[in-house]
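Side chains included, hydrogens not; waters and symmetry mates left out as well; all remaining heavy atoms used.
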Amino acid sequence: MRGPFLSATIMRAKDKAAAMKGLAVTLGADKKSYVVYDLDTLRLAVAWTGEFLEFGNTLTKIEWPPPPAVKGSVAFETAMGPGWADKSGSLDDPRVRQQGPLPKDWAHYEGLYQHGDNVVLKYTVGGVGVLELPGLEIVNGRPAFTRTLQFAKRVESFTMKVADLAQPGIFVRAGEDLVVRDNAGKNVMVVGLSDRNTGHWSLDNEHLSLHLNKVKANKPLRLAFMRAEDWEAAGKPDLAKLGQLESDLRSLTHGGPAHWTEAITTQGKLGTEDGPYQVDTITEPFPNPYGTRTFWGGFDFLPDGRAVICAFHGDVWIVSGLDGKLDKLTWKRFATGLFQPLGVKVQKGEIYVAGRDQITRLKDINGDGEADFYENFNNDTVVTPNYHEFVLDLHTDSKGNFYYAKGAPWEPAVTSPHQGCLF
């Protein structure tokens with residue numbers, strides 16, 4: 001049982017990445033629609049419906065885990081590059097080899113809040129704080145994807161990449177909505193904006209962008225998207241007035257209901273060896289109600305003696321009962337959806353986890369025993385699709401500086417400056 005999101009390198013096709021540091025969010029009550037964000041560039045990389053991702057056998061093994069690939073029917077996507085323009089209005093990619101995060105003063109991912117099934121991204125654009133909530137509305141049986149944005153300051157001039165077409169096209173008005181057509185005159189997609197006075201659209205060849213201005217601080221603004229065929233089959237709904245707009249996304253940043261409420265109890269086994277060296281067995285919580293594997297990576301201890309342990313497939317568990325008897329070990333799933341976490345460090349009572357994409361600081365905001373805020377503590381590292389690029393362990397020195405290692409590629413063809421390095 002996975003949570004509302006999954007962090008991974010997500011492939012669009014066998015040799016084409018949708019996002020190196022991908023965040024796949026599951027949408028809708030039936031959990032059959034999805035979006036992937038590229039957390040290096042803060043762009044929405046791809047949206048689709050149907051089946052989730054093609055994992056092969058990677059959810060049960062770790063011997064050769066290639067990245068998962070989009071499996072369903074794609075609604076729209078964007079090419080690799082910035083999701084927001086810089087202060088000059090340029091969407092040109094400044095990164096060497098299109099690798100790693102954008103400059104922090106351009107756009108920077110800060111983390112995500114989990115509130116029930118809602119996932120709220122927190123990031124900055126040009127130094128302005130942004131909250132973004134991806135969503136889904138079902139209109140006469142057809143899916144409409146939504147992006148709700150809220151800015152911490154008044155926006156005067158921001159440009160956002162929205163979608164890339166397969167070929168150059170044009171757009172026409174349909175009431176408050178915009179219908180995008182290809183050069184053959186076929187409708188491709190329809191977009192709507194909850195407040196038309198806050199921005200205007202542009203279509204530069206095959207690139208659809210939204211130019212925002214006069215957006216008030218902390219007033220949510222929503223974009224809605226539909227495949228043209230879905231929009232027509234749904235009776236050409238007015239996407240600008242779709243559903244109910246959130247009143248304030250900040251209400252979703254204070255912690256929501258717990259997901260993993262069932263604690264699991266196991267019994268450990270004390271060592272019986274002769275001599276001074278003893279091996280105690282800490283019995284793992286497998287099988288468990290969530291169907292998750294327990295291929296352990298890093299561990300550390302909280303000040304109260306409980307242990308924090310991460311598992312390769314994205315989970316973080318907290319185990320109590322580590323006493324002289326080990327007769328009752330209680331396991332609580334604390335976090336999930338992380339990108340192959342293999343290192344954990346507790347610093348001043350706070351939990352830091354090292355994955356391929358970033359060091360994440362996990363925060364339980366409402367004290368219910370689960371992480372509500374997955375904070376990006378540092379994501380400077382470069383990620384490629386090479387399966388052997390594991391991030392290994394996490395340590396600190398006497399000054400609190402963090403250290404981890406990043407695996408070398410296999411086959412041995414180095415394609416980034418961060419493969420086979422100690423950081």
Next item on the list: Step by step, work out the side chain to side chain contact (heavy atoms under 4.5 Å, CB included) result for Phe145 and Val35.
Entry: CA-CA 9 Å; Phe145 293 88; Val35 293; 3.9 Å; yes
Taking atom [atom1] of [X] and atom [atom2] of [Y], what is their separation to the nearest 0.5 Å?
{"X": "Cys310", "Y": "Leu338", "atom1": "SG", "atom2": "CG", "answer": "8.5 Å"}
{"X": "Ile282", "Y": "Ile309", "atom1": "CD1", "atom2": "CD1", "answer": "8.0 Å"}
{"X": "Ser320", "Y": "Leu329", "atom1": "OG", "atom2": "CG", "answer": "8.0 Å"}
{"X": "Leu362", "Y": "Glu350", "atom1": "CG", "atom2": "CD", "answer": "10.0 Å"}
{"X": "Phe299", "Y": "Asp393", "atom1": "CZ", "atom2": "CG", "answer": "9.0 Å"}
{"X": "Arg356", "Y": "Met20", "atom1": "CZ", "atom2": "CE", "answer": "11.5 Å"}

Are [X] and [Y] linked by a side-chain donor-acceptor pair shorter than 3.5 Å?
{"X": "Ser202", "Y": "His211", "answer": "yes"}
{"X": "Gln340", "Y": "His313", "answer": "no"}
{"X": "Asn378", "Y": "Gln358", "answer": "no"}
{"X": "Asn376", "Y": "Glu110", "answer": "no"}

Validation: residues 240-247 side-chain donor-acceptor distances under 3.5 Å, sequence neighbours left out:
none

Margin query: For Phe423 and Phe402: C-alpha separation, side-chain torsions, deciding distance, then whether ring-ring contact (aromatic ring centres under 6.0 Å, His included) applies.
Written below: CA-CA 8 Å; Phe423 293 87; Phe402 286 87; over 10 Å; no
State, yes or no, whether a side-chain contact exists between [X] and [Y] at a heavy-atom distance under 4.5 Å.
{"X": "Thr159", "Y": "Leu212", "answer": "no"}
{"X": "Thr198", "Y": "Asn213", "answer": "no"}
{"X": "Met11", "Y": "Thr9", "answer": "yes"}
{"X": "Glu262", "Y": "Tyr290", "answer": "yes"}
{"X": "Leu223", "Y": "Thr146", "answer": "no"}
{"X": "Glu284", "Y": "Trp296", "answer": "yes"}
{"X": "Gln419", "Y": "Thr384", "answer": "yes"}
{"X": "Leu249", "Y": "Thr148", "answer": "yes"}

How close do [X] and [Y] get, counting heavy atoms only, and between which atoms?
{"X": "Asn366", "Y": "Gly255", "value": "ND2-C, 3.4 Å"}
{"X": "Pro94", "Y": "Pro103", "value": "CG-CD, 4.1 Å"}
{"X": "Pro303", "Y": "Val346", "value": "CD-CG1, 4.4 Å"}
{"X": "Ile351", "Y": "Ile318", "value": "CD1-CD1, 4.3 Å"}
{"X": "Pro285", "Y": "Ile264", "value": "CB-CG2, 4.0 Å"}
{"X": "Pro4", "Y": "Gln114", "value": "CD-OE1, 3.7 Å"}

Does any N or O in the side chain of [X] come within less than 3.5 Å of the main-chain N or O of [Y], such that one atom is a donor and the other an acceptor?
{"X": "Asp38", "Y": "Ala19", "answer": "no"}
{"X": "His388", "Y": "Ala408", "answer": "yes"}
{"X": "His254", "Y": "Arg250", "answer": "yes"}
{"X": "Trp84", "Y": "Arg43", "answer": "no"}
{"X": "Asp204", "Y": "Leu208", "answer": "no"}
{"X": "His418", "Y": "Val382", "answer": "yes"}

Next item on the list: Classify the ring geometry between Trp317 and Trp331 as parallel (under 30°), tilted (30 to 60°) or perpendicular (over 60°).
Entry: perpendicular
Using a strict cut-off of less than 4.0 Å between a Lys/Arg side-chain nitrogen and an Asp/Glu carboxylate oxygen, indicate whether [X] and [Y] qualify as a salt bridge.
{"X": "Lys32", "Y": "Asp30", "value": "no"}
{"X": "Glu370", "Y": "Lys332", "value": "yes"}
{"X": "Lys399", "Y": "Asp397", "value": "no"}
{"X": "Glu375", "Y": "Lys363", "value": "yes"}
{"X": "Arg142", "Y": "Asp230", "value": "yes"}
{"X": "Lys87", "Y": "Asp105", "value": "no"}

Next item on the list: Using the side chain to side chain donor-acceptor pair (under 3.5 Å) rule, take Asn187 and Glu232 through it: C-alpha gap first, then chi angles, then the decisive distance, then the call.
Entry: CA-CA 10 Å; Asn187 292 342; Glu232 291 161 359; 3.1 Å; yes
Anything under 3.5 Å between a donor and an acceptor, one on a side chain of residues 127-139, the other on a protein residue two or more places apart or in another chain? List them.
unit_1, atom_1, unit_2, atom_2, d
Glu132, OE1, Tyr123, OH, 2.6
Glu132, OE1, Arg147, NH2, 3.2
Glu132, OE2, Tyr37, OH, 2.6
Glu132, OE2, Arg147, NE, 2.6
Glu132, OE2, Arg147, NH2, 3.1

Donor-acceptor list for residues 44-55 side chains, cut-off 3.5 Å, not counting sequence neighbours:
unit_1, atom_1, unit_2, atom_2, d
Trp48, NE1, Glu51, O, 2.9
Trp48, NE1, Phe52, O, 3.0
Thr49, OG1, Arg227, NH2, 2.9
Glu51, OE1, Lys71, NZ, 3.3
Glu54, OE1, Lys71, NZ, 3.3
Glu54, OE2, Gly56, N, 2.8

Check: Among Tyr109, Phe5, Phe334, whose ring pair (Phe, Tyr, Trp, His ring centres under 6.0 Å) with Tyr374 holds?
Finding: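 Exactly one candidate clears the test, Phe5.
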Next item on the list: Under the side chain to side chain contact (heavy atoms under 4.5 Å, CB included) rule, what do Asn386 and Thr415 come out as? Steps first, then yes or no, please.
Entry: CA-CA 9 Å; Asn386 189 280; Thr415 58; 5.9 Å; no
Next item on the list: Start with the C-alpha gap between Arg293 and Asp315, add the side-chain angles, then the distance that decides, and say whether salt bridge (charged side-chain N to carboxylate O under 4.0 Å, His left out) holds.
Entry: CA-CA 9 Å; Arg293 299 283 172 159; Asp315 287 345; over 6 Å; no
Next item on the list: Let me see the working for Thr124 and Lys104 under side chain to side chain contact (heavy atoms under 4.5 Å, CB included), right down to the final yes or no.
Entry: CA-CA 8 Å; Thr124 61; Lys104 289 184 173 63; over 6 Å; no
Next item on the list: Output, in order, the C-alpha distance, side-chain angles, deciding distance and verdict of side chain to side chain contact (heavy atoms under 4.5 Å, CB included) for Arg95 and Asp40.
Entry: CA-CA 10 Å; Arg95 302 171 300 154; Asp40 274 331; 3.9 Å; yes
